[in-house]
Protein chains: 2
Amino acid sequence: MSLKYAVLAALLEGEASGYELSKLFDISFANFWPATPQQLYRELERLAQDGLVEARFVQQERRPNKRMFTLTEAGRADLRAFAAEPPRRPTAIRDELLIKVQAMEDPETARALVDERRGWARGKLDRYERVRGRLLDGRTEEEYLRDAERIGPYLTLLAGISFEEENLRWCDRVLAVLGRRVAAG
Amino acid sequence: MSLKYAVLAALLEGEASGYELSKLFDISFANFWPATPQQLYRELERLAQDGLVEARFVQQERRPNKRMFTLTEAGRADLRAFAAEPPRRPTAIRDELLIKVQAMEDPETARALVDERRGWARGKLDRYERVRGRLLDGRTEEEYLRDAERIGPYLTLLAGISFEEENLRWCDRVLAVLGRRVAAG
DNA sequence: ATGCACATGTAATACGTTACATGATTTG
DNA sequence: CAAATCATGTAACGTATTACATGTGCAT
């Protein structure tokens, strides 16, 4: 149900093809609403039938043909109504690593997995910071937040950043604890 | 696929009925692997057929009958193997509020939603701290981590706590930003 | 005696994943 | 010039969520 509004929100940035949306979902929407290309194509189909987006067929010569999608006024209105309602469902997290940590028997094995997670979190943070730099484009955060038309995308990026920072801190703490255990046991 | 191991991990705490598991998933596993009662019953059925858990039928007089489930040695071994493998899928987060923030038009409306989230995060943190107190049971964290048989549940609880702390910080930051915007606009 | 929470499920539907298909462009 | 990656999708299958169903016990 929410995927619908995630797609409409993505189209606030302007006309896009299914493929472009799937890239956008990979790099930025993934932090709060992951979706595979297949989900997006199906959803776009439905949205077009409901008149919330408009599809424009684009014939291409040296590439597969594509369809470009735009928000309609009805879509914009629907999204606006959604954005004003309190969320129906609480935040859901799916994290395989934490199942493994929960079931942990051997500290050495767990250490390796958490260490791997730490490296991956660092990489994600780096990428976020680069996205942030591109958004700010030379301005300070204060300037940006004062002047920018839409600040939503920046605020969700901040959420992604602070999530990964937290993640990193948790990894460090767990590694410290497990290190002591290995030394003791 | 991972739900299977979440259920096995839950049964590490001892024999439990489907209903008891669904309560456990509500209060603690929910932080990293949410599951509805229906999912759990189906999964337990499968696990029993595969010999990874053992079901014991318990006839009750003044309540509906129930089945109690225990890990078998095969289940324990399967879980152990799972816990040693690196995770296949990255962490997934589903957060409706962030879609609304992403699509935000009016700072006043968004403020109300984020403020609500802030209150809810505080409540969750409080409950976590109480669970933590029960686990520690008078000991300091250091004592607990040195002496406890299984520290996995404590480490996943810490993950839940630091996630909510991060959440709270993000809410405060967003509220500050939106407050300035309302004053300016 | 009415309503809420416990305890257990089934059925219908929605959603997500995996595998496949096709052609263009880039890289070694 | 072969292999990898980009760009765009479709089809089949498996998993999850929602709505419904049923009966008990407890509190007011």
Side-chain angles (χ1 to χ4, degrees), chain A residues 1-8 10 15-27 29-30 32-50 53 55-69 87-96 99, chain B residues 1-8 10 15-27 29-30 32-50 53 55-69 87-96 99:
Chain A
M1 191 82 286
S2 294
L3 175 59
K4 166 180 170 184
Y5 295 103
V7 171
L8 293 177
E15 194 183 33
S17 69
Y19 190 76
E20 284 167 337
L21 284 178
S22 81
K23 275 189 305 182
L24 181 64
F25 268 76
D26 260 7
I27 59 172
F29 275 59
F32 54 93
W33 209 271
T36 63
Q38 292 79 354
Q39 283 176 266
L40 297 176
Y41 287 118
R42 220 183 354 181
E43 197 60 49
L44 286 166
E45 207 57 60
R46 250 178 290 188
L47 291 170
Q49 273 180 354
D50 295 350
V53 306
R56 179 169 70 86
F57 196 88
V58 177
Q59 193 109 12
Q60 293 188 123
E61 301 263 310
R62 337 192 129 269
R63 299 208 172 174
N65 298 328
K66 64 180 175 183
R67 283 186 306 162
M68 298 293 286
F69 299 89
R88 278 133 200 75
R89 301 180 197 310
T91 307
I93 304 185
R94 292 276 149 81
D95 190 342
E96 250 186 49
I99 302 179
Chain B
M1 193 80 286
S2 293
L3 174 59
K4 165 180 169 184
Y5 295 102
V7 171
L8 293 177
E15 195 183 32
S17 71
Y19 190 75
E20 284 167 337
L21 285 178
S22 81
K23 277 188 301 184
L24 181 64
F25 268 76
D26 260 7
I27 59 172
F29 275 59
F32 55 91
W33 209 272
T36 63
Q38 292 78 355
Q39 283 175 267
L40 297 176
Y41 286 118
R42 223 182 352 177
E43 197 61 49
L44 286 165
E45 208 57 61
R46 249 177 292 187
L47 291 171
Q49 275 181 353
D50 295 352
V53 306
R56 181 169 70 87
F57 197 87
V58 177
Q59 195 110 10
Q60 293 188 125
E61 299 264 309
R62 334 194 132 268
R63 299 208 169 172
N65 298 328
K66 64 180 177 181
R67 283 187 303 164
M68 298 291 286
F69 299 90
R88 280 134 199 73
R89 297 177 202 313
T91 307
I93 303 185
R94 290 280 148 80
D95 190 344
E96 252 187 45
I99 301 180

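Nothing here was measured: the structure is a model prediction, and the numbers come from that model. Numbered from 1 within each chain, the chains take letters A, B, ... in sequence-line order.
- One interatomic measurement links the two molecules: CG of L40(A) to P of dA7(D), which rounds to 16 Å at whole-angstrom precision.
- Taking for each of P37(A) and E43(B) the nucleotide of DNA chain D with the nearest heavy atom, the 5'-most of the two is the partner of P37(A).
- On a pure distance criterion of 3.5 Å, a polar donor-acceptor pair joins the side chain of Q38(A) and the base of dT18(C).
- Summarising the geometry of F25(A) relative to V7(A), their closest heavy-atom pair is CZ-N, 4.2 Å, with the distance given to 0.1 Å.
- The two residues L44(A) and G18(A) make their nearest non-hydrogen contact at CD1-CA, 3.9 Å.
- Looking at every heavy atom in both residues, F57(A) comes nearest to N65(A) through CZ-CB, 3.9 Å.
- Comparing dT15(D), dT8(C), dT17(C) by their closest approach to the side chain of T36(A) singles out dT17(C).
- If you take OH of Y41(B) and P of dC20(D), they are 20 Å apart, rounded to a whole angstrom.
- Within the 4.0 angstrom heavy-atom criterion, only backbone atoms of the sugar-phosphate kind lie near R67(A); the bases stay farther away.
- Whole-Å rounding puts the D26(A) CG to dT5(D) P distance at 15 Å.
- The residue K23(A) sits close only to the backbone: its heavy atoms come under 4.0 Å of sugar-phosphate atoms, none of a base.
- L3(B) has its CG atom 17 Å from the P atom of dG14(D), to the nearest Å.
- We find that NZ of K66(A) is positioned 19 Å from P of dG23(C), with the value rounded to whole Å.
- Summarising the geometry, the separation between CG on N65(A) and P on dT10(D) is reported as 12 Å, rounded to the nearest angstrom.
- At the heavy-atom level, S22(A) lies nowhere under 4.0 Å from the strands shown.
- Residue Y19(B) places at least one side-chain N or O closer than 4.0 Å to OP1 or OP2 of dC6(C).
- One atom, CD of Q39(B), and another, P of dT10(C), lie 15 Å apart when rounded to the nearest Å.
- Nearest nucleotide to the side chain of R89(B), out of dA16(D), dT18(C), dA7(C): dT18(C).
- Distance from the side chain of R63(A) is smallest to dT25(C) among dG9(C), dT25(C), dT17(D).
- Taking atom CD of residue E20(A) and atom P of nucleotide dC6(D), one finds them 15 Å apart after rounding to whole Å.
- The closest side-chain heavy-atom distance from F69(A) to E15(A) is not below 4.5 Å.
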